[in-house]
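Taking it in order: structure first as structure tokens, then the write-up.
Being a predicted model, the structure only gives us computed values, none of them experimental. Along the sequence shown, residues carry numbers from 1.
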Amino acid sequence: MTTAEATEPEQPSNLAELAREHGLTKVGERPGLITYIRQMWAYRGFLWTMSTAKSYSQYQNNYLGQLWTILSPLTLAAVYYVVFVMMLRTTGDIQNSVSFLVIGIFIFLSISATLSSGANSILNNTNVVRSLQFPRAVLPVSVSISEMINLLPAIVVMYLIVLATGETPTWGWLGVPAVLVLILVFTAGACMMAARIIVAARDLRNFIPMVTRVLRYGSGVFFPVALAQERFGEVVGIIVEYQPVALYLNLARFCLMSEVRVTHFDWLLGLGWAVLFFVVGFLVFWSAEHQYGRD
């Protein structure tokens, strides 16, 4: 062996080994879970920019622009107040029925819009998925953040309505942001899960409006969840009271209304639902990362 041969570095036996040495991966290959989490963190700036841009563009073609984030739930709350409170009297023994209904409507409309948009986040952005390389979970998660940004002005109005209807500010009012964080984490997980299912079976997106409608009438938006147990039995009552959407509405009402009561278990369960949905949703979505944009 000559001196030149002795000092020459060994060359990889094939191109695949060379690619692995430089951190290159096969196009369309699903990254490992830890790698995927790191990619999501690396794209956090892109995630935030996409979320804020989506929030701004949603109403930019309307004359009143972002005011619709307040006017839309206010108008719907007024209609529902006439129908469900004045005519049907669904709020039962609740004294401050205006605050009860406004809190339920404002927060539920945000959750409903998030689930509907998040479920279609991959199919509605097929061109982006096919042309750009980024962790696809950014799309459903950005929907959750965007809708939460849209909700914030309505939350300010909600505080004012609650104050105007006779509620006294307490330290509990500071708990609303914690409830919103739980809702954000929960909806992000639910959106990832729904987006994965819809990509696998596109016909199922036709059921999304039905699911949101069932949640609307089965989450205590118009009535105290305790009434469900009185009228439909213990099993149905427990399901309605402790399913995540109803639970988050109840926690928000507890923070702002003196007559609503919850327990420490309710807060722990709310945290549990948020973590469970996010972790399961993330894993389910990541498991099919290499399939998005293929059809």
Side-chain angles (χ1 to χ4, degrees), residues 51 54-55 58-59 62 64-86 90-91 94-118 143-167 169-170 172-188 190-191 212-225 240 243-260 262 266 270 273-274:
S51 302
K54 187 177 300 183
S55 173
Q58 188 170 350
Y59 297 99
N62 297 312
L64 297 179
Q66 297 299 112
L67 278 176
W68 279 112
T69 61
I70 299 173
L71 293 177
S72 181
L74 266 180
T75 304
L76 198 57
V79 173
Y80 284 163
Y81 179 81
V82 172
V83 175
F84 290 96
V85 177
M86 297 182 65
T90 58
T91 52
I94 296 295
Q95 299 299 315
N96 193 347
S97 55
V98 174
S99 292
F100 183 90
L101 187 63
V102 165
I103 294 170
I105 290 294
F106 278 34
I107 294 181
F108 179 81
L109 285 181
S110 176
I111 294 175
S112 174
T114 303
L115 295 179
S116 298
S117 299
V143 170
S144 299
I145 297 175
S146 175
E147 292 295 339
M148 185 57 66
I149 294 173
N150 286 339
L151 177 62
L152 295 181
I155 291 296
V156 175
V157 175
M158 187 177 76
Y159 270 106
L160 295 176
I161 293 175
V162 170
L163 184 62
T165 53
E167 296 293 338
T170 65
W173 285 32
L174 299 178
V176 173
V179 178
L180 297 181
V181 170
L182 292 178
I183 292 173
L184 175 62
V185 176
F186 162 74
T187 54
C191 285
T212 56
R213 194 172 296 114
V214 169
L215 288 174
R216 182 190 301 267
Y217 294 104
S219 298
V221 177
F222 316 111
F223 60 89
V225 290
V240 171
Q243 57 100 341
V245 176
L247 185 62
Y248 294 137
L249 295 185
N250 210 31
L251 290 176
R253 285 166 173 153
F254 165 75
C255 292
L256 296 172
M257 298 177 62
S258 58
E259 57 184 310
V260 177
V262 299
D266 294 321
W273 277 127

C255 versus G175, closest heavy-atom pair with distance: SG-C, 3.6 Å

Using distance only, find each side-chain donor-acceptor pair of residues 103-117 under 3.5 Å and give its atom names and separation, not counting sequence neighbours.
{"residue": "T114", "atom": "OG1", "partner": "S110", "partner atom": "O", "Å": "2.7"}
{"residue": "S116", "atom": "OG", "partner": "S112", "partner atom": "O", "Å": "3.1"}
{"residue": "S117", "atom": "OG", "partner": "A113", "partner atom": "O", "Å": "3.2"}

Identified side chain to side chain contact (heavy atoms under 4.5 Å, CB included) partner of L249 from the options V221, I183, V179, V260: V221

For L152, all residues meeting side chain to side chain contact (heavy atoms under 4.5 Å, CB included), sequence neighbours excluded: L180

S51 and S146: CA distance, side-chain angles, deciding distance, side chain to side chain donor-acceptor pair (under 3.5 Å) verdict: CA-CA 5 Å; S51 302; S146 175; over 6 Å; no

Whether T187 side chain and L184 backbone form a donor-acceptor pair below 3.5 Å: yes

E147 side chain reached by L151 side chain, heavy atoms, under 4.5 Å: no

Close side-chain approach of V162 to W173, heavy-atom, < 4.5 Å: yes

N96 backbone acceptor or donor facing E259 side chain under 3.5 Å: yes

Side-chain touch Q95/F100, heavy atoms, less than 4.5 angstrom: no

side-chain contact (heavy atoms from CB on, under 4.5 Å) between R253 and V262, intermediate numbers included: CA-CA 9 Å; R253 285 166 173 153; V262 299; over 6 Å; no

Heavy-atom check, side chain of Y248 versus side chain of W273, under 4.5 Å: yes

Min side-chain heavy-atom separation Y159-V176 under 4.5 Å: yes

Residues which pass side chain to side chain donor-acceptor pair (under 3.5 Å) with Q243, listed by chain and number, not counting sequence neighbours: S219

